[in-house]
Enquirer: 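For reference, the structure I am asking about is given below.
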Amino acid sequence: MSDIEQNEPAATEPGRSPFASAVQAALIGALAGAFVTWISTPWLDLFKSQPFHIQLWVSLGAGVLVGAVTLIPMLRDLIQRHPKQVRTALCVLAGGALTTGVWTVVQAVAADDQCPAPAELRLVTAPENVTELTARAQSYVRQHQTEDGCPVVRMTVGVAPPPIHLRDAFDNRWEWREDRRDQPYARLYDLQPDAWVATSAAEPDELRAGGLQSLGAPGPENAVGRDRLVLAMTPQRREELSTYMDNPDGYAFREVWDTLTKKMGMTVARPFPETSVAALIGTHDVFHDRGLPRSRYPRAEQELVENGLGADTVTSLLCEFDRLADKADTGDPKIALLVPGHSVDDFNANRVEGCEGTGDSAPLVAVRHHDLSTLDYRFVKVTWPDQRSAGREKLVDHFGAWLRAHPLFPSAPGPGESGLGPQELGQLKRLVLDELRPRLDLRLLIDTSGSADRPVRVQAAEAVRANSRLLGPRDEVQVFGLHAFTRNGPAVVTRIVADGDREQLGTVAASIENTAFDKWDAPASAGLGRLGTGDEAVATPVVLLTDGRLFDNEGRGDAAKVIARALEDASTVSGLYVVVFGQDECAVTALQDTRKPYRCVTASEGADKALTRAIITVRGWR
């Protein structure tokens, strides 16, 4: 036999193609995979029962082990000498992996089908408590499963309506009642709860005292957490305060307040009390603990509104402070926040709902004082007529008992008395809403150009409806349209609603929806000059609702300078608040050459919330 014949490769078997060989190897692999799966079933069940982090580490460890084995020199030599056999083995492994994967998916689907639908419980609480209550609810669900690993309950946590809406919500079966196009209209406040975690025992007690029957029985056994209000500030401001007083808790609260506001030039910010119980209780502390006479209440409340960063909740206040701290040109904010103590921990740990990166630019330090109120959180069972279920009520009671054993905010400081009962809470509400709120003549200037039709029209109307309870009985609303009849033509201001009160906001909203949005954009500066040219004599704030394109029509020069000059010259306008719809930024963020206040925000978080903050903010622009 010649050398050439010796070196020729062995002929393939007659009638066997490479494709047929691969199919045969895959079938052998599938059978091998099925056998391996059958053998390893007990081990796979044990693996699935382990926590996720153990599954992850076992999988990584197996991968590392396989990788290490493939690096052994002996195996590398074997692979090089027998490539055909290695390919066959790989096909076998692939078939086994495919079979195992299909089996795992089938088992997972079958396991889901075997779990009955869990009962669903719905909880509501103040915005600043949602993160902590959600964590507690998730822990409860994990701890209460059947022997097969099926969940017994599914829990959802939502935001409770603000204090000024609560009685209406409970009285009307959690429905929002409003007038729409002269017809009654109702919609649900998000979740119809099975339980409510109130910020203070006085909150549900006041509702019960008014005859509300849907709330569970009161009692100290319903306490599920405690916290204290604090003054939160940056470490730099806290260090500056220590130069005046080492331990602020050893001084009277009015001395601490005067040191912050007079000696250090700081302001104290608090959310709007109509929309935050924590802020309402904090308002009591500001009045009472400073020893203010009743004659000074209006001015003290007005200062809190002016310094409140336009925030309606504790959460929005923290977000606004973080945005302010992130601005490089503002430096370290000279602001103290009157908030619950746990909110400081949430801010520093980046747990503020809807606000990413809090605490990165300027963390907060809590300054505690014994005169600041205690917040005693209560678990309140809610029973709706014609919706009673013995099983559901038993589950609600069980979770309430569990939550008492696993309370909210366990790291809060020691016990204290809130000093605010249901009668005092009701009196404080009436004082703030009926006596301390100055009359607001709110003027809405709406961009009625064609480009604003889709983003502005319906959202503006819905926002007006949603804020009916934020307006006082003496407040009035006027609505104007701003447009031009021709491209680059002169601005025209048309009256949409002459005067409306909070009882007529349904009609006001319908008038906005019925307005024609089919004209051209007009400069905002020109619109300011045409407001109040008739009988209007008192300077009032203006809230402009626009898609933002009118900023492009300010003519020559910088738009900010043109608007600033027009605002300064408009004798009937005390300030301009712009809400931009459909865009993520404002074209004109600040004005330099005017003494009047100006603010521009986007409606990215919702039109109703944007208008709520606008109303809160412009109250301080009188």
Side-chain angles (χ1 to χ4, degrees), residues 125-136 197 199-200 225-242 245 247-249 253 256-257 259-261 264 266-273 276-283 285-286 289 304 307-309 311-326 332-377 407-416 418:
T125 188
E128 68 269 17
N129 306 328
V130 168
T131 299
E132 183 70 15
L133 184 58
T134 299
R136 289 290 188 274
V197 176
T199 302
S200 167
R226 294 178 75 85
D227 200 1
R228 300 285 290 271
L229 289 172
V230 300
L231 290 170
M233 60 192 72
T234 64
Q236 179 180 340
R237 300 304 168 197
R238 178 63 182 90
E239 184 177 353
E240 184 180 353
L241 176 61
S242 65
M245 44 183 64
N247 179 23
D249 195 32
F253 183 76
V256 178
W257 185 280
T259 299
L260 290 172
T261 58
M264 297 174 56
M266 295 182 65
T267 58
V268 178
R270 168 222 61 180
F272 212 50
S276 170
V277 169
L280 188 62
I281 296 174
T283 302
D285 292 346
V286 172
D289 298 342
L304 289 171
N307 300 330
L309 302 182
D312 57 328
T313 64
V314 172
T315 302
S316 62
L317 180 65
L318 295 173
C319 290
E320 289 300 321
F321 179 85
D322 183 64
R323 294 188 186 102
L324 187 64
D326 284 342
D332 192 55
K334 301 185 71 171
I335 300 174
L337 309 179
L338 184 57
V339 294
H342 77 269
S343 297
V344 176
D345 298 331
D346 290 341
F347 184 89
N348 293 334
N350 192 23
R351 294 194 299 262
V352 180
E353 189 75 18
C355 200
E356 298 293 334
T358 57
D360 293 341
S361 299
L364 289 174
V365 176
V367 176
R368 306 184 185 278
H369 197 279
H370 60 273
D371 283 338
L372 290 175
S373 290
T374 295
L375 306 176
D376 50 339
Y377 299 92
L408 302 172
F409 322 122
S411 60
S418 65

Enquirer: Which label fits His342 and Phe409: parallel for a plane angle under 30°, tilted from 30 to 60°, or perpendicular past 60°?
Expert: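 If you compare the ring of His342 with that of Phe409, the planes turn out parallel.
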Enquirer: Check the pair Thr358 / Asp322 against side-chain hydrogen bond (donor to acceptor under 3.5 Å, both in side chains), numbers first and verdict last.
Expert: CA-CA 6 Å; Thr358 57; Asp322 183 64; 5.6 Å; no
Enquirer: May I have the step-by-step check of side-chain contact (heavy atoms from CB on, under 4.5 Å) for Trp257 and Val286, ending in yes or no?
Expert: CA-CA 9 Å; Trp257 185 280; Val286 172; 3.9 Å; yes
Enquirer: What are the two closest non-hydrogen atoms of Ala232 and Val344, and how far apart are they?
Expert: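 So the minimum-distance heavy-atom pair works out to CB-CG2, 3.6 Å.
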Enquirer: How long is the span from the CE atom in Met266 to the CD atom in Glu240, to the nearest 0.5 Å?
Expert: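 Separation between the atoms: 7.5 Å.
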Enquirer: Atom CZ in Phe347, atom CD in Glu128: separation rounded to 0.5 Å?
Expert: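 Phe347 CZ to Glu128 CD: 15.0 Å, rounded to 0.5 Å.
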Enquirer: Please name the pair of heavy atoms, one in Ser276 and one in Val314, separated by the smallest distance, quoted to 0.1 Å.
Expert: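 Closest heavy-atom pair between Ser276 and Val314: OG-CG2, 4.0 Å.
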Enquirer: Nearest 0.5 Å, please: how far is CZ in Arg270 from CD1 in Ile281?
Expert: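 Answer rounded to 0.5 Å: 12.5 Å.
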Enquirer: Could you check if a side-chain atom of Lys334 sits within less than 4.5 angstrom of a side-chain atom of Met264, using non-hydrogen atoms only?
Expert: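 Not in contact.
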Enquirer: So do Val277 and Leu375 actually touch side chain to side chain, heavy atoms under 4.5 Å?
Expert: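 Of all side-chain heavy-atom pairs linking Val277 with Leu375, none is under 4.5 Å.
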Enquirer: To the nearest 0.5 angstrom, please state how far the CG atom of Leu309 sits from the CG atom of Asp312.
Expert: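 Between atom CG of Leu309 and atom CG of Asp312 there are 12.0 Å.
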Enquirer: Pair Glu132, Leu408 - check side-chain contact (heavy atoms from CB on, under 4.5 Å), show working.
Expert: CA-CA 7 Å; Glu132 183 70 15; Leu408 302 172; 3.6 Å; yes
Enquirer: Is the side chain of Asp371 donor-acceptor paired with the backbone N or O of Asp285 at a distance under 3.5 Å, no angle test?
Expert: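 Checking the backbone N and O of Asp285 against the side chain of Asp371, no donor-acceptor pair under 3.5 Å is found.
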Enquirer: How many angstroms lie between atom CZ of Arg226 and atom OG1 of Thr374, to the nearest 0.5 angstrom?
Expert: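 The distance works out to 5.5 Å.
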Enquirer: Do Cys355 and Thr315 come within less than 4.5 Å of each other through their side chains, counting heavy atoms only?
Expert: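 No - every pair of side-chain heavy atoms lies 4.5 Å or more apart.
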Enquirer: Using modelled atom types only, decide if a donor and an acceptor are shared between the side chain of Arg237 and the backbone of Asp332 within a distance under 3.5 Å.
Expert: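 Judged by distance alone, yes, a pair lies under 3.5 Å.
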Enquirer: Contact between Leu364 and Leu318 at the side-chain level, heavy atoms closer than 4.5 Å - yes or no?
Expert: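 They are in side-chain contact.
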Enquirer: How about Pro248 and Arg238: do any of their side-chain heavy atoms sit closer than 4.5 Å?
Expert: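 Side-chain contact under 4.5 Å: yes.
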Enquirer: Do Leu338 and Leu231 have side chains that get closer than 4.5 Å, going by heavy atoms?
Expert: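 Leu338 vs Leu231: side chains touch.
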Enquirer: Within the structure provided, determine whether Val268 and Asn307 are in side-chain contact (heavy-atom separation under 4.5 Å).
Expert: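 Answer no - side chains too far apart.
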Enquirer: Decide if atom CD of Glu353 counts as having more than 12 heavy atoms of other residues, nucleotides or ligands within a radius under 6.0 Å.
Expert: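 Incorrect, the count does not exceed 12.
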Enquirer: Hey, what do you get for CG (Leu337) to CD (Glu320), rounding to the nearest 0.5 Å?
Expert: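 Reported value, rounded in 0.5 Å steps: 11.0 Å.
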Enquirer: Can you tell me if Thr131 uses its side chain to pair, donor with acceptor, with the backbone of Arg351 under 3.5 Å?
Expert: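 Yes, Thr131 side chain to Arg351 backbone: donor-acceptor pair under 3.5 Å.
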Enquirer: Can you name the closest pair of heavy atoms from Met233 and Ala336 and give their distance?
Expert: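 Shortest heavy-atom separation between Met233 and Ala336 comes out as CE-CB, 4.2 Å.
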Enquirer: In the structure I gave you, are the side-chain heavy atoms of Pro333 and Thr234 within less than 4.5 Å of one another anywhere?
Expert: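 Yes, close enough: below the 4.5 Å cut-off.
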Enquirer: Do you know the tightest heavy-atom contact between Leu229 and Pro340?
Expert: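 That closest heavy-atom pairing would be CD2-N, 3.8 Å.
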